[in-house]
Protein chains: 2
Amino acid sequence: MKVLIVEDDQFHSTFLQDALVEAVPEVTEIVHAANGAIGEDEARRGEIEAIVMDLQMEQRNGIEAARTIWAERPQSRILFWSNYADDAYLRGIAHIVPEDSAYGYVLKTASRERLKLALRAVLVEGQIMVDREIHRLQKRGSSPRTRLDDSEFDVLIDLALGLQDKLIAERRGMSLRTVQNRLLSLYEKLGVISELDDEVMLNKRVRALNRALVTRTINIETLETTQRDLETWLKER
Amino acid sequence: MKVLIVEDDQFHSTFLQDALVEAVPEVTEIVHAANGAIGEDEARRGEIEAIVMDLQMEQRNGIEAARTIWAERPQSRILFWSNYADDAYLRGIAHIVPEDSAYGYVLKTASRERLKLALRAVLVEGQIMVDREIHRLQKRGSSPRTRLDDSEFDVLIDLALGLQDKLIAERRGMSLRTVQNRLLSLYEKLGVISELDDEVMLNKRVRALNRALVTRTINIETLETTQRDLETWLKER
DNA sequence: AGAGATGTTGCGGATTCCCGCAATAGTCTT
DNA sequence: AAGACTATTGCGGGAATCCGCAACATCTCT
């Protein structure tokens, strides 16, 4: 079994390798890649189907790499190994994971045992496995009062990119007023109103982005990658 | 010589310790702390004056910890060891570093040799040492056309927190129109106008925050820590 | 099928934002 | 010290945003 490790941090990479040979003795070869772009090449060249990948990397992050890898070889099994439990990563993965392919998400703060468990479960057994910590975070918002639905999330992205209402309406195919309704519920769910509310008036648009960032609903990488999507959309409209 | 290591990542912590004993044989004792709050306690209890500290930590980050440590013991020598070269960190440090005390800033991607050099230079020799990579980043903006001055940076912070013009004016003691002038030059320097300019109209306020984030002028931790400053200001006005 | 809940859209107005124009104050140069 | 620059501030107006009100459209449940 060939396994590809995509990780740009030296120490984490070797730590990962150690855990891997312990947890999965059937490994015959381990290939390393220091960022997402190299990872894609290696996966292509080596016809590799078992991958452990960091999410935060220079150049090209894990989500983007996974997207092209899965596009070329949908049955690839990918275990994401990340520092953060940002909701944006989960949504990003949820959007690109192919039907019935195996993947997992483990935090770097997880114990070595849990990492080894996830390595076996995903790479060998082909299971889906998401770290409990992350699930907790995902759940926390699951009271529908706080959790954003997909269309709200789309509008949040556009807001974060700096589009104004009219453009968002055009891009998402809604009326101006509907966009504003979405924004309204965004302000509600992100806690823009409740906080410093009385007395202090805030710029809700900026505050919404601020809250989305500190609550880990989106992150800076989200801004960067969605920016590219926006640019292509702008060209072909 | 007693040295305190403040670092929440297991691997990095031991790596740091190894480099430390190699580079600084005069070390007699090494104390570990897993986050900023514990670090403050240890520094206080142990009367430690040589510290190596990560910047990104849960709970309480390196800048905040350094602020209280330096407030209590200004001659402390602190080497910051960070993943990122965000401008926000540099500004944060520049604001709190006491007169003629030693500090340094090294990236985690730096070679072991450079780390060891910095350890000696800062902890033993009491020099000031900033990683070349960071300086490069700081310089890049140093064409005054792009680099933010302090008052612009202040306004950027307030904008990022979601304050509206009137409140910023009150907080920073300027007139409304002056705030708007600052915003104008912010939009200019952050590249809000130049990008997608013609055709596409943007919400400049949000776009400014977006640009400030992706250019690493500020980061999410900045949002969190400055939020606390804002809250105290709000109470006592 | 009918009643109620939820989502979408238009209209209008109060507020905020963006910024050109112009007067004044402060700084630098020669 | 006079002239040139730059920063600060007020005024005013066009555009964008926020949001209540109300009319439909859809969906759900019994």
Side-chain angles (χ1 to χ4, degrees), chain A residues 143-212, chain B residues 143-212:
Chain A
S143 77
R145 220 181 311 286
T146 336
R147 175 108 190 130
L148 305 187
D149 64 36
D150 281 347
S151 96
E152 284 164 343
F153 193 79
D154 287 342
V155 172
L156 172 59
I157 294 298
D158 288 349
L159 177 149
L161 290 172
L163 302 191
Q164 40 189 122
D165 299 3
K166 212 164 73 176
L167 255 189
I168 302 177
E170 182 186 339
R171 186 179 188 197
R172 302 301 179 183
M174 341 183 207
S175 84
L176 196 70
R177 194 59 181 83
T178 303
V179 171
Q180 294 172 334
N181 281 340
R182 290 287 138 74
L183 289 173
L184 222 49
S185 60
L186 273 180
Y187 299 154
E188 184 73 30
K189 292 185 177 177
L190 290 172
V192 171
I193 330 276
S194 61
E195 294 186 303
L196 310 165
D197 52 350
D198 54 303
E199 195 78 14
V200 184
M201 293 303 290
L202 297 172
N203 179 309
K204 312 212 169 177
R205 236 149 212 272
V206 174
R207 191 66 190 172
L209 177 49
N210 181 312
R211 296 290 306 156
Chain B
S143 76
R145 221 180 309 288
T146 336
R147 175 111 191 127
L148 305 186
D149 64 36
D150 281 348
S151 95
E152 284 164 343
F153 194 80
D154 287 343
V155 172
L156 173 60
I157 293 298
D158 287 350
L159 177 147
L161 291 172
L163 302 191
Q164 41 189 121
D165 298 3
K166 212 164 73 176
L167 254 189
I168 302 177
E170 181 185 341
R171 186 178 189 198
R172 303 300 179 183
M174 339 184 207
S175 85
L176 196 69
R177 194 61 181 81
T178 303
V179 171
Q180 295 171 333
N181 281 339
R182 291 286 140 74
L183 289 173
L184 218 53
S185 61
L186 272 180
Y187 300 154
E188 184 73 29
K189 292 185 177 178
L190 290 171
V192 172
I193 330 277
S194 61
E195 295 185 303
L196 310 165
D197 53 348
D198 55 302
E199 194 78 16
V200 184
M201 294 302 290
L202 298 171
N203 180 307
K204 312 212 169 176
R205 236 150 211 272
V206 174
R207 190 66 189 172
L209 177 50
N210 182 312
R211 295 290 307 156

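Residue numbers begin at 1 in each chain, while the letters A, B, ... track the order of the sequences.
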Indicate the atoms forming the closest heavy-atom contact of [X] with [Y], along with that distance.
X      : Y      : result
A/N210 : B/A160 : ND2-O, 2.8 Å
A/V192 : A/L202 : O-CD1, 4.1 Å
B/K189 : B/D149 : NZ-N, 4.5 Å
B/G191 : B/R211 : O-NE, 4.2 Å

Quick one: [X] [atom1] to [N] [atom2], roughly how many Å, whole number?
X      : N      : atom1 : atom2 : result
B/L183 : D/dT9  : CG    : P     : 14 Å
A/L202 : C/dC17 : CG    : P     : 10 Å
B/L186 : D/dA7  : CG    : C1'   : 15 Å
B/L184 : C/dG20 : CG    : P     : 7 Å
B/E152 : D/dA7  : CD    : C1'   : 12 Å
A/R182 : D/dC18 : CZ    : P     : 16 Å
B/Y187 : D/dA16 : OH    : C1'   : 12 Å
B/M201 : D/dA15 : CE    : P     : 10 Å

>> Within the 3.5 Å criterion, strictly below it, is a donor on B/R207 or B/N203 matched to an acceptor on the partner's side chain?
In response: no

> With no hydrogens and no angle check, do the side chains of B/S151 and B/R182 hold a donor and an acceptor under 3.5 Å apart?
Replying inline: yes

> So what is the end-to-end bend of the helix from C/dA1-D/dT30 to C/dT30-D/dA1, with 5 pairs used at each end and the value given to 10 degrees?
Replying inline: 40°

> Want to settle it: does A/Q164 or A/R177 sit nearer the 5' end of DNA chain D, counting the closest nucleotide to each?
Replying inline: A/Q164

> When you match B/S151 and B/Q180 each to their closest nucleotide on DNA chain D, which lands nearer the 5' end?
Replying inline: B/S151

> Taking only residues two or more places apart in sequence or in another chain, which ones pass side-chain hydrogen bond (donor to acceptor under 3.5 Å, both in side chains) with B/D154?
Replying inline: none

>> Any side-chain N or O of B/K166 below 4.0 angstrom from OP1/OP2 of C/dT15?
In response: no

> Can you check whether A/K204 has a side-chain N or O nearer than 4.0 Å to OP1 or OP2 of D/dC19?
Replying inline: yes

> Which of these nucleotides, D/dT9, D/dC18, C/dT8, is closest to any side-chain atom of B/N181?
Replying inline: D/dT9

> So which of residues 167-176 of chain A are in contact with DNA chain D, with a heavy-atom cut-off of under 4.0 Å?
Replying inline: none

>> What I'd like to find out is whether the side chain of B/L167 reaches to under 4.5 Å of the side chain of B/D158, using heavy atoms alone.
In response: no

>> So B/L163 and B/R172, do their side chains get closer than 4.5 Å, heavy atoms only?
In response: no

> Using a cut-off of 4.0 Å on non-hydrogen atoms, how would the nucleic acid contact of B/N203 be classed: base, sugar-phosphate, or nothing?
Replying inline: sugar-phosphate

